[in-house]
Amino acid sequence: MSRNPFKYASDNKRYNTLNYYNQQTFGKKIYKAVIDLGLTCPNIDGSNGTGGCIFCDSGSGYFTHGEADILTQLTLEKDRICSKYGDDAEFIAYFQANTNTYAPVEFLRKAYYTALGFSNVFGISIGTRADCLSDDIVSLLCELNNRTHLTVELGMQSCHEKTISMINRCCTHEEFKRGYSKLKSAGIRTCLHVINGLPFESESEMLETANEVAWLRPEAVKLQMLHVIRGTKLAEMYSNGEFRLLERDEYIDIIAHQLELLPPETVIERITGDGDKRKLIAPMWSADKIAVLGGIDKRLAELDTWQGRLYSDR
């Protein structure tokens, strides 16, 4: 195996990690404090569908602090982070659960600025949907972008309309691209979420999604394996044997080939995932993050490949 040729790394990684980005941009490690605003989604409340995405349980807010107010949640998160990393540890306030721009703009302004004024908060990350980016919301995001380090995280999941319809996202890929374009035009750092192993998708289709991400050129992307969580529609489908999940080695191979397609400058903020282990049905191999991460590193080295090796600037 040859020497690692990937230049966006300082620890022999062959992809552009979030830790590398933070060290190069801010000169230090930055953590994340998760927040639940108590909001819902358009495909849950009936405004654009019901039931939510088939894989969703509690809006991905597994690690938040329930119905506590923002300051209480941030205090609890500060205690958690600082107890591990010291009192001067700084963190991103991550509005994680459900759709965090799906509320009146003044409610959101108060929430965001409350977080921004909290001690040790270094910036804000907002998880949302591309169809919940009205002009007044984008204007607020631009305001925040001028005040702090802002990232907006959008659930892309897949570029294939048949998959998007099947998972009940109730937001087409064309609608997704329109919302993403608003953020891109406003100069707002954006992170796209991609899920591998969605029911009935082939490896080639997952690679097509990676190619679409490459064409969109977001500042960051989160790649993860599909998790089957107890109590979801997906869990019912899985128990009925309607689809099969990827094995660990299959997932690792797909990740390696997706990374080859992505621009080397794109920050890989996640390359596996965290499901709630109390509710995780499958795949159980995903709970061993160290083995998955090590497997990805090993596979990239075996193939002597790296992020962006097959990327061409269109």
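All values below were derived from every heavy atom in this structure, side-chain atoms included, with hydrogens, water molecules and symmetry-related copies excluded.
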query = Angle class for the His149/Phe26 ring planes (parallel below 30°, perpendicular above 60°, tilted otherwise)?
reply = perpendicular
Is there a side-chain contact between [X] and [Y] (heavy atoms, below 4.5 Å)?
X      : Y      : result
Tyr311 : Leu262 : no
Leu37  : Leu108 : yes
Trp306 : Leu300 : no
Phe91  : Leu74  : yes

Side-chain donor-acceptor contact under 3.5 Å, [X] with [Y]:
X      : Y      : value
Tyr113 : Glu143 : yes
Glu201 : Asn196 : no
Asp136 : Ser139 : no
Glu153 : His193 : yes
Ser119 : Lys78  : yes
Glu205 : Ser158 : no

Nearest 0.5 angstrom please: [X] [atom1] to [Y] [atom2], how far?
X      : Y      : atom1 : atom2 : result
Glu161 : Ile164 : CD    : CD1   : 4.5 Å
Arg270 : Thr17  : CZ    : OG1   : 15.0 Å
Cys53  : Ile44  : SG    : CD1   : 8.0 Å
Glu203 : Leu246 : CD    : CG    : 8.5 Å
Lys182 : Ile188 : NZ    : CD1   : 11.0 Å

Short side-chain to backbone donor-acceptor contact, [X] and [Y], under 3.5 Å:
X      : Y      : result
Thr209 : Cys159 : yes
Asn120 : Asp87  : yes
Asn168 : Gly52  : yes
Thr75  : Leu71  : yes

task = With Asp304 as reference, evaluate Arg309, Lys298, Arg299, Arg14 under the salt bridge (charged side-chain N to carboxylate O under 4.0 Å, His left out) test and give the passing residue.
result =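 For Asp304, the salt bridge (charged side-chain N to carboxylate O under 4.0 Å, His left out) test succeeds with only one of Arg309, Lys298, Arg299, Arg14, which is Arg14.
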message = Please evaluate residues Thr151 and Arg189 with respect to the criterion side-chain hydrogen bond (donor to acceptor under 3.5 Å, both in side chains), reporting the C-alpha separation (whole Å), side-chain torsions for both, the decisive distance (0.1 Å), and the verdict.
response = CA-CA 5 Å; Thr151 298; Arg189 184 178 188 270; 2.8 Å; yes
query = How about Tyr15 and Tyr8: are their ring centroids closer than 6.0 Å?
reply = no
